[in-house]
Enquirer: 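Have a look at the structure that comes next, please.
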Amino acid sequence: MTRPAVFTIPAHRAFADALAAGLVAHHGPDPIALARTTLLVPNNRAARAISDAFVRRAEGGLLLPRLVAIGDPELDERLGGLLDPIGEDAEEPIPPAIDPLERQMILARLTGEARAAAGDPIDGGEAIRLAGELGRTLDQLLIEQVPPARLRDLVSLPELSEHWQRSLAMLDTILTRWPAELAARGRIDLAERRNRLLDRVARGWRLRPPPGPVIAAGVSSTTPAVARLLGIVARLPQGMVVLPGLDTVSDDEEWQALGPHEPGDDGSRPPRPLESHPQYALKRLLDRMGVGRAEVEIWRWGGGRDARAVRSRAIANAMAPAAFTDKWHRLPPAERRLSGVRAIELANPAEEAQVIAIALREAIETPGRTAALVTPDRVLARRVAAHLARWGIVADDSAGTPLSLTPAGTLLLAVAEAAAEGFAPVPLLALLKHPLVRRGDARGAWLDGVRKLDIALRGPRPPAGIDGITRYLRDGDGHARRARAPAIAWWDEVRPLLEPLEGAFSRSDNPPPAPPLEGRGEGNSLQALLAAVREGIATLAGDPAWGGPDGRAAADLIAELEAWAPIGPAAFEPAGLAPTLRLLMDAVAVRPPQGGHPRLSIWGLLEARLQHADLMVLGGLNEGVWPALPSPDPWLAPRIRAELGLGGLETRIGLAAHDFAMALGAPELIVTRARRDARAPTIASRFWLRLEAMTGGITREHRLPNWAAAIDRPADRQFLRRPEPAPPAADRPKVIAVTKLDRLQADPFAFYADAMLQLRPLDAVDADPTPAWRGTAVHAVFEAWMKQDDCDPDRLVPRAEAMLRAMAAHPVMQALWEPRLKAALEWVADRMREERAQGRRPIAAELDGTTEIAGITLKGKVDRIDRLADGTLAIVDYKTGKPPSAAQVEAGYAMQLGLLGLIAARGGFDGVAGDPLAFEYWSLAKDRDAFGQIRSPVGGKAHIAPQDFVAHAAAILSGAIERWLTGTEPFTAKLAPEYSPYADYDQLMRLDEWYGRGSGGAEDGR
């Protein structure tokens, strides 16, 4: 029997460069010999890497071999020339493969129907998500050539829970119907077609070997069809197989421990194979090829970017099975030392990205030197690319950018989300502000209008829908109407652009019946939604939205979805469109038409497996990132996968381990990790821990982190002093509100920013009702009750209920707050009945008043003024929270009621005369077991007599006026922080930069 020609390029050598060097040397000076060679590679990315390696060797010109990616979906086109000698008449033609999106939509419909039949219906969006998982499960069955009919035999396994039995039965039902769907269209699954093509090539080559050399390079797939083809290639007269990074140094006991294992003589279940080991996939491939490890030879050519040979032995030792790691302490130092490998641990991913960017930039400062980042963490890769862009360096990211993160993709999502949420403020403004909307000369005027609408929509959410927003902008009290007026005219121009979207998304709640199974129907709600989104983008953004690589990819996806939607799920909720689009766009990678810096790359794990750079940085070495957590299979339980002979969920960990081992072969290497991510402390990757344990501690790199810290560290640090602006007395305010005295005394800078700079904090968009907003709503209820219902206690609660129904508060807020408010208002009504019985009558409500004091106008609005039985006045203020404490009053704060009494005593309120001797806070907050309480700032612990309160408040106000309004004392920030709880102006005063350093001077550094 012919000895198979199987070689391996060790991990310490750059695979692509070593392969190119060996093939060029093997074929000698004949320029045509290499061109006659057929090179089978795993995928198109590998083909590009190997092509680049040949180009680097093409000193005087070179004819490249024919590169064929056996994982390419268009495999028949790439192999067409090789099949010519066999002839199409020799075998029955292989049917074409079904379109992947068409397949997902059909499977989604079948899944939805199966769930509905089982009494557990799901939305179309969830059906499409499950169909994607189902497609991957079906592909695994087909690739491993497991007949789907075997599922029926496993439904009754006693070890399975009821959940998995139902899932398996449903899967069997769907897969029973699936062949009929394919037959009706004259299609087969892509995985099945690939199997048939590879088997046909293998049969043809076995009977009639091709005239030129055939080399399979870098292929490590363990699928039966690929293994059979590689077995044939290895035994061709001019064939050979070159494997990446096969471990040839570990002993046979370790090699056999990987599995798979045979059942015991007594029929007992064999031990589980070590699927998470980096060599498991290669061992399984060799077993299926019928090749022993001893028959594999070492490729003797190097690639020029290689580490020393001892590195491969160190890698094999570090990745040894757990049962054999006790050998580490017996190894000679040379076989466990990782010379040229440095480690960096950073505090967080932001620091990690910056350090990696600095390392890459330093490397390419040397002419001809190459550098690459290898990481499965796409967020880290994007952060590094952003840091490099600071220096004008564009990194060539081989993985591209998911379509969902590109401008065109985010516009698709913005349109779908805004329409599905009834044009709620946040998604509406995100859509209108999108950079592709009204791109060009008209964008400036468009953004002016959007900003006006943004200001108008601040605060609690308006009523749903376009009409709800229109009513919200036009209605309201005088102040609110004036604030929203600038946005109304612009909104009237924008409404017609959005109304078709609103109509389509509201009509989709009543979809037509499902189309016939054998073909496309008349269109269901998904198709209508997609058409509305497409037309909405055309209206808002025009042709620029579909330009560029991302725009073309988005247009292709929408066109395909519209084409196949009629054969998908019959019912589709509008709320599910954006998540479905995001799911589908995440699988579409958008790459720029040209690469970035010629000597700098960001590689995924596939690319790094076959090539090295002069400096390699392996980033994101945390558990759950590298390796990633195994994705659970929603259709097949682990026990079922084992019974079917499918790889376990840990197979992907083994592949990631092999990728890591191959990348470790670079001559100069930096491994990095962050000690915590955005949510919690992280756990170092198992690969990192192995290297640490075997070496006794990887050499640490300190220079790069120090550089990263120095970038943002100023050479001369200057501490900020506490702000204390001191404008001339003539420019200071001549009016003060009764509610602003506390701010003037406790935080003069905040008063300055409010009264002089006229800066007002903006409410958030779509904000939950704040305490201030709730207080305003309660005051509006009391004002309407007093002015329209004449303080009838029986009308208070109905009045409040009517006004709450008209409010645009979030339903959850209404559900939580309304019962508490009604209970408090019932207490107010009961109290009013008691007061009336004692001769007390309200005489004014929500009344503005003014008076002059110390050359300044004092103004205020009183919530309520009552006439007591003896003719004196009671000043009442409603509080939705707790009233001020006696300690505040004694300290000279919370003078609001006293100042309102001063205005009343001086006749500042129209139609009100008398001496104010009662001052009351009517708090609606809970007091022990009931809602509602009355507290007075005078008497008791305050040690201020009621008859003295007005004079006391006037004295405190006069002192403050003399210091800050008519005097020249600076408006110092945070004089009394304990009495200035609001942080509206903390950022403006840069509080964190000086607070806590005594007086705030530079000499008081922290």
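The structure presented is a predicted model; accordingly, all values stated were derived computationally and were not measured.
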Enquirer: Is there a donor-acceptor pair closer than 3.5 Å between any side-chain N or O of N317 and the backbone N or O of E335?
Expert: yes
Enquirer: Could you tell me whether K283 and D287 make a salt bridge, using a distance below 4.0 angstrom between a side-chain N and a carboxylate O?
Expert: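 Result for this pair is yes, salt bridge flagged.
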Enquirer: Indicate whether the side chain of T37 and that of H27 have a donor and an acceptor atom separated by less than 3.5 Å.
Expert: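 Per modelled atom types, T37 and H27 side chains form a pair under 3.5 Å.
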Enquirer: Where the side chain of T8 meets the backbone of P10, is there a donor-acceptor pair that is under 3.5 Å apart?
Expert: no
Enquirer: Among side-chain atoms of D396 and S601, is any donor-acceptor pair under 3.5 angstrom?
Expert: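 Side-chain D/A pair, D396 to S601: absent.
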Enquirer: Check each of Q279, R293, K327 against S250 using the side chain to side chain donor-acceptor pair (under 3.5 Å) test, and report the only one that passes.
Expert: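 Option passing the side chain to side chain donor-acceptor pair (under 3.5 Å) with S250: R293.
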Enquirer: Do side-chain atoms of W328 reach the backbone of A693 as a donor and acceptor pair under 3.5 angstrom?
Expert: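 A pair under 3.5 Å: no.
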Enquirer: When you compare the side chain of L19 with that of W301, does any pair of heavy atoms fall below 4.5 Å?
Expert: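 Contact flag for W301/L19 side chains = no.
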Enquirer: Within this structure, what is the CZ-CG distance for the pair R652 and D659, rounded to the nearest 0.5 Å?
Expert: 11.0 Å
Enquirer: Taking E692 as the fixed residue, which of R673, R336, R700 is the one that meets the salt bridge (Lys or Arg N to Asp or Glu O under 4.0 Å) rule?
Expert: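 Filter result, single survivor: R700.
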Enquirer: For A709, does its backbone N or O pair with a side-chain atom of N706 as donor and acceptor, under 3.5 Å?
Expert: no
Enquirer: When you measure from the side chain of H26 to the backbone of L34, do you find a donor-acceptor pair of N or O atoms at a distance under 3.5 Å?
Expert: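 Looks like no, no N/O pair under 3.5 Å.
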Enquirer: Test your reading of the model: is there a side-chain donor-acceptor pair from T38 to the backbone of R66, 3.5 Å cut-off?
Expert: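 No: the side chain of T38 does not pair with the backbone of R66.
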Enquirer: Taking the basic N atoms (NZ, or NE/NH1/NH2) and the acidic carboxylate oxygens, is any pair closer than 4.0 Å for R288 and E144?
Expert: yes
Enquirer: Using a 3.5 Å distance criterion without hydrogens, assess whether the side chain of R599 forms a donor-acceptor pair with backbone atoms of R369.
Expert: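 Judged by distance alone, yes, a pair lies under 3.5 Å.
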Enquirer: Under 3.5 Å, is there a donor-acceptor pair linking the side chains of R641 and Q140?
Expert: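 Yes - a donor-acceptor pair under 3.5 Å links their side chains.
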Enquirer: Give the intermediate values and the outcome of side chain to side chain contact (heavy atoms under 4.5 Å, CB included) for residues L346 and Q354.
Expert: CA-CA 10 Å; L346 287 310; Q354 190 169 39; over 6 Å; no
Enquirer: Would you kindly say whether N622 and S685 are connected by a side-chain donor-acceptor distance under 3.5 Å?
Expert: no
Enquirer: Take L621 and T672 through the test side chain to side chain contact (heavy atoms under 4.5 Å, CB included) and record every step on the way to the result.
Expert: CA-CA 6 Å; L621 280 166; T672 69; over 6 Å; no
Enquirer: Taking ring pair (Phe, Tyr, Trp, His ring centres under 6.0 Å) as the definition, give me every residue that meets it alongside F660, ordered by chain and number, with sequence neighbours left out.
Expert: W626, F687
Enquirer: Does H612 reach the main-chain N or O of A16 with its side chain, forming a donor-acceptor pair under 3.5 Å?
Expert: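 Not a single qualifying donor-acceptor pair exists.
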Enquirer: Please check this pair: side chain of E701 against backbone of L704, looking for a donor-acceptor N/O pair closer than 3.5 Å.
Expert: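 Such a contact is found between E701 side chain and L704 backbone.
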Enquirer: I'd like to know if E352 pairs up with R383 as an ion pair, taking the criterion as any Lys NZ or Arg NE/NH1/NH2 lying under 4.0 Å from an Asp or Glu carboxylate oxygen.
Expert: no
Enquirer: Could you measure the distance from the CZ atom of R690 to the OG1 atom of T695? Nearest 0.5 Å is fine.
Expert: 13.0 Å
Enquirer: Please list all pairs passing the side-chain hydrogen bond (donor to acceptor under 3.5 Å, both in side chains) test where one or both residues lie in residues 356-368, with sequence neighbours left out.
Expert: E362-R703
Enquirer: Ion pair present between R591 and D397, side-chain N to carboxylate O less than 4.0 angstrom?
Expert: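 Salt bridge absent between R591 and D397.
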Enquirer: Would a distance-only check, ignoring hydrogens and angles, find a side-chain to backbone donor-acceptor pair under 3.5 Å from E295 to G292?
Expert: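 Yes, the answer is positive, given that a donor and an acceptor are paired below the 3.5 Å cut-off.
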Enquirer: Quick check: do V68 and V41 have side-chain heavy atoms less than 4.5 Å from each other?
Expert: no
Enquirer: Please report the closest heavy-atom contact between S312 and A11, naming both atoms and the distance.
Expert: OG-N, 3.5 Å
